[in-house]
Amino acid sequence: MWVILAGLGALAVVTGWLPSEVAYDIGVTRAAPILGFLVAVTVLAELADIAGVFDIAAVWCARLARGSTLLLFGLTAVLATVTTICMSLDTTAVLLTPVVLALTRRLGLAPLPFAFLVVWLANTASLLLPVSNLTNLLALQHANTSTRAFAAHMVIPQLVAVTLTVVYLGIVFRRHLTGSYAAPEPVAPADRLTCIACALACGGFAVAIMAGVPPWLAATAAAAATLAIFALRGRKHLSWTLLPWRLILTTEGLFLTVTALVHHGLGDLLVRWSGGSGARTTAVAAAASNLINNLPAYLAMETAVPQGNPNGIYPVLLGTNIGPLVTVWGSMATLLWAQRCRARGVPISARTFATIGIIGMPIVLLGTWFALPGR
């Protein structure tokens with residue numbers, strides 16, 4: 001996929017289908033801080049995973065639940081929500097999924113309820129902070145608003161989205177969430193100091209974001225701290241494979257390709273479909289996300305909102321963040337999650353995913369829409 005998207009983006013620029021000044025604006029001016037954040041937060045999350053932060057958190061949840069499967073489901077929801085909000089939905093999908101699946105196997109529990117819980121919350125819990133989703137970072141640029149204002153506007157919708165997600169999936173998988181299990185023994189990190197340092201770096205990153213530090217700068221500082229501790233105590237884990245270069249090329253290719261399509265009429269079409277209505281904008285954004293993926297859907301839908309209009313961008317984010325729960329290609333996080341599930345011996349078909357999403361997604365989206373201030 002990355003080869004195709006990177007090639008399409010390059011072709012649009014080389015052939016002049018996307019004017020050079022527009023390509024520079026979207027591919028460099030707007031993309032640079034986004035890609036810088038993406039690299040830094042990926043390095044931070046990968047090193048925190050190597051240090052054992054996510055494994056320890058998952059086992060801690062299992063011990064805190066005291067053998068109750070239902071309570072473990074709730075605590076896993078808290079862990080997935082916090083991970084998504086503070087470290088992005090891709091971190092939840094890529095790093096938390098295998099940890100949770102390994103834990104369910106260790107405890108003898110059905111993996112499906114926990115797998116769906118993780119991926120749904122990777123999407124629906126990505127409303128609160130700019131760092132939770134790349135679409136949020138783009139929206140922050142477009143709306144020219146602050147992190148605090150963004151979070152203040154989204155806090156109630158975020159609470160509603162997470163609550164409805166957990167309740168809906170709890171009802172769907174209720175037969176698997178009864179009974180109990182034997183609480184696992186505590187997990188000791190390979191290097192206690194490195195684990196503590198990585199956990200503090202993750203926490204400091206979240207605090208810095210809430211304090212209004214630019215996301216790329218906060219992520220870079222946190223990643224630098226984890227790189228420093230690994231350079232001192234775990235140099236063997238440092239390699240170029242930590243850099244998500246395929247994801248970078250995919251994202252840049254999407255930026256350029258979708259901008260070219262918008263430049264040649266797609267933006268005007270979406271503006272007509274949304275009709276200036278917040279509800280219709282959310283619906284169109286959700287449908288587009290399931291058809292073509294939420295990041296290009298956001299880039300295209302953004303043109304329907306005047307620049308500097310924060311209230312107009314929030315309905316788009318509801319559609320692009322919560323909407324892609326019907327197709328497995330609706331968000332990059334879901335695609336990555338599906339790969340991790342298959343690798344762990346838990347294959348989930350597109351039909352199964354769609355069957356659960358086609359009913360639940362409209363419920364969560366509608367409930368969150370009604371909770372959106374100034375809709």
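Computed from heavy atoms alone, side chains included, the values below leave out hydrogens, waters and symmetry copies.
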Test Trp120 against Phe353 for ring-ring contact (aromatic ring centres under 6.0 Å, His included), laying out the working first. CA-CA 10 Å; Trp120 270 55; Phe353 190 81; 7.4 Å; no
Please test Leu243 against Ile248 for side chain to side chain contact (heavy atoms under 4.5 Å, CB included), starting from the C-alpha separation and ending with a verdict. CA-CA 9 Å; Leu243 296 177; Ile248 292 169; 5.8 Å; no
Take Met332 and Thr250 through the test side chain to side chain contact (heavy atoms under 4.5 Å, CB included) and record every step on the way to the result. CA-CA 10 Å; Met332 188 66 69; Thr250 299; 3.7 Å; yes
Show, in sequence, the C-alpha distance, side-chain angles and deciding distance for Thr92 and Val119, and conclude whether the side chain to side chain contact (heavy atoms under 4.5 Å, CB included) test is met. CA-CA 8 Å; Thr92 301; Val119 74; over 6 Å; no
Pair Asn133-Ser126, side-chain hydrogen bond (donor to acceptor under 3.5 Å, both in side chains): steps then yes or no: CA-CA 6 Å; Asn133 201 319; Ser126 67; 3.2 Å; yes
Quick one, Leu103 with Phe114, criterion side chain to side chain contact (heavy atoms under 4.5 Å, CB included). Give me CA distance, side-chain angles, the key distance, then yes/no. CA-CA 10 Å; Leu103 181 65; Phe114 294 89; over 6 Å; no
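Within the 4.5 Å cutoff, the side chain of Ser88 has heavy atoms near those of the Thr91 side chain. Taking the side chain as every heavy atom from C-beta outward, Val99 and Asp49 approach each other to under 4.5 Å. Side chains of Cys61 and Leu64 form no contact here, defined as non-hydrogen atoms less than 4.5 Å apart. Taking 4.5 Å as the limit, some side-chain heavy atom of Pro33 sits within range of a side-chain heavy atom of Gln141. A 4.5 Å side-chain heavy-atom check between Glu302 and Val316 finds every atom pair outside the cut-off. Side-chain contact between Val41 and Val131 is absent, with no heavy atoms from C-beta onward closer than 4.5 Å. A 4.5 Å side-chain heavy-atom check between Leu317 and Met154 finds at least one atom pair inside the cut-off.
Here the shortest heavy-atom pairing between Asn290 and Gly323 reads ND2-O, 2.9 Å. Nearest heavy-atom pair, Ile34 versus Leu134, reported as atom, atom and distance to 0.1 Å: CG2-CD2, 3.6 Å. Contact detail for Val59 and Pro184: the closest heavy-atom pair is CG1-CG, 4.1 Å. Taking each heavy atom of His176 and Thr69 in turn, the nearest pair found is O-CG2, 3.8 Å. The two residues Arg174 and Ile171 make their nearest non-hydrogen contact at NH1-O, 2.5 Å. Contact between Ala149 and Ser146 at its shortest, heavy atoms only, is N-OG, 3.1 Å.
Under a cut-off of 6.0 angstrom, the local environment of CH2 in Trp17 is crowded, with over 12 non-hydrogen atoms contributed by other residues, nucleotides or ligands. Heavy atoms from other residues, nucleotides or ligands lying under 6.0 Å from CG of Leu238 number more than 12.
Tyr168 places no side-chain N or O within donor-acceptor distance of the main-chain N or O of Ile359, the cut-off being under 3.5 Å. The backbone N or O of Ile292 lies less than 3.5 Å from no partner atom in the side chain of Trp329, so there is not a single donor-acceptor pair. No donor-acceptor distance shorter than 3.5 angstrom exists from the side chain of Glu46 to the backbone of Leu242, with no hydrogens or angles considered. In this structure, Arg106 contributes its side chain and Leu101 its backbone to no donor-acceptor pair below 3.5 Å. Proximity of a side-chain donor or acceptor of Ser132 to a complementary backbone N or O of Ile85 within less than 3.5 Å is detected. The backbone N or O of Val305 sits less than 3.5 Å from a side-chain atom of His142, completing a donor-acceptor pair. Side chain of Tyr298 to main chain of Ala139: a donor-acceptor pair is present (N/O by atom type, distance under 3.5 Å, no hydrogens or angles).
Cluster annotation: Val172 and Leu70 are assigned to the same hydrophobic cluster (Ile/Leu/Val/Met/Phe/Trp/Tyr, side-chain heavy-atom contacts under 4.5 Å, transitive). By the criterion of side-chain heavy atoms lying less than 4.5 angstrom apart, applied directly or through intervening Ile, Leu, Val, Met, Phe, Trp or Tyr residues, Leu325 is grouped together with Leu96 in one hydrophobic cluster. In the hydrophobic cluster analysis, where Ile, Leu, Val, Met, Phe, Trp and Tyr join through side-chain heavy atoms closer than 4.5 angstrom, Leu75 is grouped apart from Met87. Using a 4.5 Å cut-off between side-chain heavy atoms of Ile, Leu, Val, Met, Phe, Trp and Tyr, with links allowed through other members, Val160 and Val167 fall into different hydrophobic clusters. Leu71 and Phe116 fall into different hydrophobic clusters, defined by Ile, Leu, Val, Met, Phe, Trp and Tyr side-chain heavy atoms under 4.5 Å apart, directly or through other members.
Taking OG1 of Thr281 as the reference point, atom CG of Leu318 lies at 10.5 Å (rounded to 0.5 Å). Thr257 contributes atom OG1, which lies 8.5 Å from atom CG of Leu11 (distance to the nearest 0.5 angstrom). Here the straight-line distance linking atom CG of Leu336 with atom OG1 of Thr97 works out to 9.0 Å at 0.5 Å rounding. Distance CZ/Phe54 to CG/Leu79: 8.0 Å, rounded to 0.5 Å. Going from atom CZ of Arg148 over to atom CG of Leu129 covers 12.0 Å, rounded to the nearest 0.5 Å. Here CG of Leu159 is found 6.0 Å from OG1 of Thr163. Values are rounded to the nearest 0.5 Å.
Evaluation of the side-chain hydrogen bond (donor to acceptor under 3.5 Å, both in side chains) rule for Thr352 yields Ser349 as partners, not counting sequence neighbours.
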Atom pairs and distances, side-chain donor-acceptor, residues 185-203, under 3.5 Å, sequence neighbours left out:
unit_1, atom_1, unit_2, atom_2, d
Asp191, OD1, Leu193, N, 3.1
Asp191, OD1, Thr194, N, 3.1
Asp191, OD1, Thr194, OG1, 3.3
Asp191, OD1, Arg233, NE, 3.3
Asp191, OD1, Arg233, NH2, 3.4
Asp191, OD2, Thr194, OG1, 3.4
Asp191, OD2, Arg233, NE, 3.0
Asp191, OD2, Arg233, NH2, 3.3

Got a list of side-chain donor-acceptor pairs under 3.5 Å for residues 204-230, not counting sequence neighbours?
unit_1, atom_1, unit_2, atom_2, d
Thr220, OG1, Trp216, O, 2.6
Thr226, OG1, Ala223, O, 2.7

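Asn321 pairs with exactly one of Asn123, Thr124, Asn136 by the side chain to side chain donor-acceptor pair (under 3.5 Å) rule, that one being Asn136.
Side-chain contact annotation: Thr81 with Thr84, donor-acceptor N/O pair under 3.5 Å absent.
Side-chain rings of Tyr314 and Trp369 stay apart, their centers remaining 6.0 Å or farther from each other.
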